[in-house]
Amino acid sequence: QRKVICLPSLYEGVGLAALEGFAAGMTPFVTSVGGAPYYFRDNAVYCDHPREIGHVTSRLEAAYRQDFDADSQRATLAELSLENIGSKLVTAIQ
């Protein structure tokens with residue numbers, strides 16, 4: 001069964017909610033505002049025009065049809081792990 005977490009927005013990023021849905025096996029349908037495109041890359045479907053119902057509808061349908069790639073999910077979650085992010089922060093500070 002396909003599942004989508006839907007978080008289009010005009011101004012705000014998606015925070016942890018989309019990441020939690022992704023970790024639970026959902027395809028994120030999220031705003032293109034903020035950092036989501038940076039960390040989800042091709043693992044999400046992006047909403048560029050949240051005020052246009054036709055755009056939202058077509059992109060939501062695309063999210064529902066998108067195949068969920070468990071290998072890509074594991075790689076993305078590993079990249080975003082506390083250990084990995086912490087290590088990058090320490091390196092940047094040094």
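Quick caveat, the model's predicted, so the values are computed rather than measured.
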Residue pairs meeting salt bridge (charged side-chain N to carboxylate O under 4.0 Å, His left out), one or both in residues 25-38, sequence neighbours left out, come to none
Next on the checklist: With salt bridge (charged side-chain N to carboxylate O under 4.0 Å, His left out) as the rule and sequence neighbours excluded, what pairs involving residues 5-27 come up?
Outcome noted: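 Matches after skipping sequence neighbours: none remain.
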Does [Y] offer a backbone N or O that forms a donor-acceptor pair with the side chain of [X] under 3.5 Å?
X	Y	result
Arg59	Tyr46	yes
Gln73	Phe68	no
Thr31	Pro8	no
Arg74	Asp69	no
Ser81	Ala78	yes

Mind checking what makes side chain to side chain contact (heavy atoms under 4.5 Å, CB included) contact with [X], not counting sequence neighbours?
X	value
Ile5	Leu7, Met26, Pro28
Thr76	Phe22, Asn43, Ser72, Leu80
Asp42	none
Leu82	none

### Query
If two hydrophobic side chains count as joined below 4.5 Å and joins carry through other members, does Leu16 share a cluster with Val14?
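They do share one cluster, since a chain of ILVMFWY contacts under 4.5 Å joins Leu16 to Val14.
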Note: with side-chain heavy atoms under 4.5 Å as the link, the other cluster members for Tyr64 come out as Val4, Phe29, Val45, Val56, Leu60
Across all chains, not counting sequence neighbours, the side chain to side chain donor-acceptor pair (under 3.5 Å) partners of Asp48 are Ser32
- request: With sequence neighbours excluded, tell me which residues meet salt bridge (charged side-chain N to carboxylate O under 4.0 Å, His left out) with Glu79.
  value: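 With neighbours one apart ignored, the set is Arg41.
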Counterpart residues, salt bridge (charged side-chain N to carboxylate O under 4.0 Å, His left out), relative to Arg65 (two or more places apart):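 Per chain and number, Arg65 pairs via salt bridge (charged side-chain N to carboxylate O under 4.0 Å, His left out) with no residue.
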Going by the ring-ring contact (aromatic ring centres under 6.0 Å, His included) test, which pairs reach into residues 71-94, not counting sequence neighbours?
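Not a single pair qualifies under ring-ring contact (aromatic ring centres under 6.0 Å, His included).
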* To do: In sequence, state the C-alpha distance, the side-chain angles, and the governing distance for Lys3 and Thr27, and then conclude on side-chain contact (heavy atoms from CB on, under 4.5 Å).
  => CA-CA 6 Å; Lys3 296 180 183 178; Thr27 297; over 6 Å; no
Without placing hydrogens or testing angles, list every side-chain donor-acceptor pair under 3.5 Å for residues 87-94, not counting sequence neighbours.
residue, atom, partner, partner atom, Å
Thr91, OG1, Ser87, O, 3.0

Shortest non-hydrogen pair, Val30 vs Ala36, comes out as CG2-CB, 4.0 Å
